[in-house]
Participant: 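This is the structure, below, for whatever I ask next.
A note on names: the letters A, B, ... follow the listed sequences, proteins ahead of strands, and every chain is numbered from 1. We use all heavy atoms of the structure for the numbers below, so side chains are in, but hydrogens, waters and symmetry mates are not. Note that this is a predicted model, so its numbers are computed, not measured.
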Number of protein chains: 2
Amino acid sequence: MNDRKKHVMEIAHTLFVEKGFMETSVQEILEKSGISKGTFYNYFPSKKELLINIFEKIQAETERRRIEVLAGKKKSDKNAFIKQIQVKMEVGMENKLFALFNSVLLSEDEELKKIVQRYHLDELKWLQQRIVDIFGQHVQPYSLDLAVLFYGMLHNALHFSTNADVKIEIDKIITYMLNRIDNMVPSVIASKEQLFDIQLLTRLNSKTLSKRRQKIEKLFHKIDILLSNANGKQKELLLFLKEELQSPVPRKAVIQAVLKELGQKKDLEILVFDVIEE
Amino acid sequence: MNDRKKHVMEIAHTLFVEKGFMETSVQEILEKSGISKGTFYNYFPSKKELLINIFEKIQAETERRRIEVLAGKKKSDKNAFIKQIQVKMEVGMENKLFALFNSVLLSEDEELKKIVQRYHLDELKWLQQRIVDIFGQHVQPYSLDLAVLFYGMLHNALHFSTNADVKIEIDKIITYMLNRIDNMVPSVIASKEQLFDIQLLTRLNSKTLSKRRQKIEKLFHKIDILLSNANGKQKELLLFLKEELQSPVPRKAVIQAVLKELGQKKDLEILVFDVIEE
DNA sequence: ATAGTATTTATAACAATAGTATAAAAAAAT
DNA sequence: ATTTTTTTATACTATTGTTATAAATACTAT
């Protein structure tokens with residue numbers, strides 16, 4: 001990605017963390033990052049889309065660190081599990097993710113809401129799987145319940161501890177919660193109490209907005225921008241692209257040819273291939 | 001309270017629930033409730049203050065219903081406890097309280113944030129006390145922990161069930177959570193694990209913004225409005241009021257005399273007495 | 001009923017917001 | 001060296017919350 005764009009994202013990110021999303025004006029981002037309004041709206045279709053980009057960056061970063069932690073360790077290693085959660089929590093705190101997410105959930109913006117929901121869902125799925133890793137296959141039927149409980153307890157405890165201005169080491173809290181889950185497992189299995197069916201997770205997964213959909217939207221926005229500055233020939237090519245990309249079976253070779261004819265448009269190329277190479 | 005004002009609050013409330021706080025413009029509230037801008041800003045210092053008023057109304061309502069439920073029952077009655085929580089949850093769902101609260105927590109507005117924090121704190125305190133009522137005095141050292149856990153599990157389960165579009169009866173969820181707490185109690189006591197000190201609650205209590213402070217702000221706003229339309233004599237009286245109310249020991253009789261001299265200003269009188277009768 | 005007071009209305013205005021439009025300048029690619 | 005792409009500067013739109021103000025309406029005490 002463009003270095004400049006990256007820089008803008010970093011500036012915006014720190015501003016969002018400092019003052020919140022709504023409270024940060026585009027104007028301020030422009031001034032602090034020294035770009036013009038035109039450039040901003042060239043980079044991002046909207047302020048909202050900028051926030052989404054930032055979310056994605058954070059998410060990728062967390063995922064990377066989390067995989068790193070598990071490297072060479074057994075799946076059933078409790079300490080590795082604790083460390084993994086710690087990573088996530090720390091990233092979340094640093095970036096004030098809770099606040100940002102909440103601010104988004106309020107915004108009643110369907111697109112943003114879906115993204116945050118998906119984020120939570122992914123987290124829950126991951127937790128559920130890891131709980132099975134740790135506690136063994138026999139907790140599987142109750143693993144979604146346990147994941148929901150764990151997630152809720154952990155977040156609320158963290159929330160309270162920051163609100164109450166108490167500083168407890170995160171890993172202590174995580175360990176405590178893991179012990180609680182430990183307490184519950186036998187009784188849940190014995191009483192066969194179940195709240196949520198695990199199949200829910202897979203069902204929900206297909207429901208929520210796919211990343212692919214987002215990518216397509218981004219691509220089309222890019223094309224629109226190019227269209228506004230295009231001459232006759234380019235216009236024809238771009239309009240064809242738009243059409244072809246919407247077809248159920250886009251002809252890759254043709255698209256490639258059109259892209260070549262359009263000249264050096266690296267950004268566009270990346271986006272297009274990201275969408276059609278599936 | 002003024003019937004008209006009440007009506008505006010109801011309209012605004014449904015709008016906030018339907019579309020969210022930020023997404024509802026003052027303009028729309030004016031149109032739907034058929035009042036003019038001037039009147040609106042006579043009733044409420046700001047859109048934010050209107051939201052606070054609504055919060056307070058909901059809170060009072062919940063409290064009322066909750067006390068009603070316990071009437072004639074023993075404190076240790078588990079079913080009564082479940083019912084009480086259910087009341088709260090139902091009110092919360094009806095009014096989309098979570099969403100509203102979250103939207104507020106994001107807004108980075110210090111005043112609003114304090115109010116929501118206080119709300120959570122009160123809830124936690126209540127829960128902690130009730131947990132002692134139910135499980136007995138010997139859980140007291142761990143009752144704050146248990147309250148935090150219970151609150152977190154319950155809310156996350158509800159959150160998930162609405163997100164996942166699963167309909168489980170609320171009382172079933174509450175019962176399930178209570179069983180989980182049941183599981184934890186012996187092990188927590190045995191291992192003596194403690195996360196938060198109960199004394200935290202009392203310490204926090206004094207920290208958060210008092211209702212009194214809010215009332216005073218409202219009163220002063222009212223006086224300011226009156227001042228803007230006041231003639232010479234009234235101005236003198238009002239300015240005196242303002243001064244006298246800020247003194248550590250306001251002279252009630254004098255204030256009363258001044259109020260009488262000011263003529264029929266029922267709203268003002270109520271506010272004043274609410275503040276000085278302490 | 002009348003005079004005086006309080007509230008409400010209409011209306012205009014203000015400053016700040018997100019986002020659009022456009023022509024000229026600068027930078028990059030050919 | 002020329003064309004293409006990106007960036008800038010600037011003006012503009014529409015909407016937001018909030019303030020100001022003069023006229024109209026409703027209320028209260030006499």
Participant: Is there side-chain contact between Met89(A) and Leu154(A), with at least one heavy-atom pair below 4.5 Å?
Facilitator: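 Contact flag for Met89(A)/Leu154(A) side chains = yes.
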
Participant: Whether the side chain of Lys57(A) engages the backbone of Lys6(A) through a donor-acceptor N/O pair (distance < 3.5 Å, no angle test) should be reported.
Facilitator: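 Here the side-chain-to-backbone pair does not exist.
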
Participant: Nearest-Å distance, CG (Leu30(B)) to C1' (dT8(C))?
Facilitator: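 So the CG-C1' distance, Leu30(B) to dT8(C), works out to 13 Å.
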
Participant: Give a yes or no answer on whether the side chain of Lys47(B) reaches the backbone of Thr24(B) with a donor-acceptor pair at less than 3.5 Å.
Facilitator: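 At least one qualifying donor-acceptor pair exists.
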
Participant: If the threshold is 4.0 Å, N to carboxylate O, is there a salt bridge linking Glu61(A) and Arg64(A)?
Facilitator: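 Salt bridge present between Glu61(A) and Arg64(A).
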
Participant: Roughly, in whole Å, what's the span from CD in Glu31(A) to C1' in dA9(D)?
Facilitator: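 These atoms are roughly 14 Å apart.
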
Participant: Pull out every residue in residues 35-43 of chain B that has a heavy atom closer than 4.0 Å to any atom of DNA chain C, ordered by number, or say none.
Facilitator: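 Contacting residues: Ile35(B), Ser36(B), Gly38(B), Thr39(B), Asn42(B), Tyr43(B).
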
Participant: Quick one, His120(B) and Phe160(A) - any side-chain contact, counting heavy atoms below 4.5 Å?
Facilitator: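 They are not in contact (no side-chain heavy atoms under 4.5 Å apart), so the answer is no.
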
Participant: Do Glu68(B) and Val87(B) have side chains that approach each other closer than 4.5 Å (heavy atoms only, starting at C-beta)?
Facilitator: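 SC-SC contact between Glu68(B) and Val87(B) ruled out.
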
Participant: After noting the C-alpha distance and the side-chain angles of Tyr41(A) and Val26(A), does the key distance pass the side chain to side chain contact (heavy atoms under 4.5 Å, CB included) rule?
Facilitator: CA-CA 10 Å; Tyr41(A) 282 100; Val26(A) 172; 3.9 Å; yes

Participant: Please tell me if Arg4(A) has a side-chain N or O lying less than 4.0 Å from either OP1 or OP2 of dT6(D).
Facilitator: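 For dT6(D), OP1/OP2 do not have a side-chain N/O of Arg4(A) under 4.0 Å.
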
Participant: Does Lys88(A) reach the main-chain N or O of Arg66(A) with its side chain, forming a donor-acceptor pair under 3.5 Å?
Facilitator: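 Side chain of Lys88(A) to backbone of Arg66(A), a donor-acceptor pair under 3.5 Å: no, none is there.
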
Participant: Between the two ends of the helix from dA1(C)-dT30(D) to dA29(C)-dT2(D), what is the bend in degrees, rounded to 10 degrees, where each end axis spans five pairs?
Facilitator: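 Computed angle between terminal axes is 10°.
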
Participant: To the nearest angstrom, how far is Lys5(A) atom NZ from dT6(D) atom C1'?
Facilitator: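 The answer, rounded to whole Å, is 14 Å.
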
Participant: Given 3.5 Å as the limit, does a donor-acceptor pair link the side chain of His159(B) with the main chain of His155(B), or not?
Facilitator: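 Not confirmed, His159(B) side chain does not pair with His155(B) backbone.
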
Participant: Any heavy-atom pair between the side chains of Leu50(B) and Phe40(B) that's under 4.5 Å?
Facilitator: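 Yes, their side chains come closer than 4.5 Å.
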
Participant: Report yes if the side chains of Arg4(A) and Tyr43(A) come closer than 4.5 Å at any heavy-atom pair, otherwise no.
Facilitator: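 Counting from C-beta outward, Arg4(A) and Tyr43(A) do come under 4.5 Å.
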
Participant: For Leu51(A) and dG19(C), what is the distance between atoms CG and P respectively, to the nearest whole Å?
Facilitator: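 Whole-Å distance recorded here is 12 Å.
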
Participant: What are the atom names and distances for every N/O pair under 3.5 Å that joins the protein to nucleotides 15-17 of chain C?
Facilitator:
none

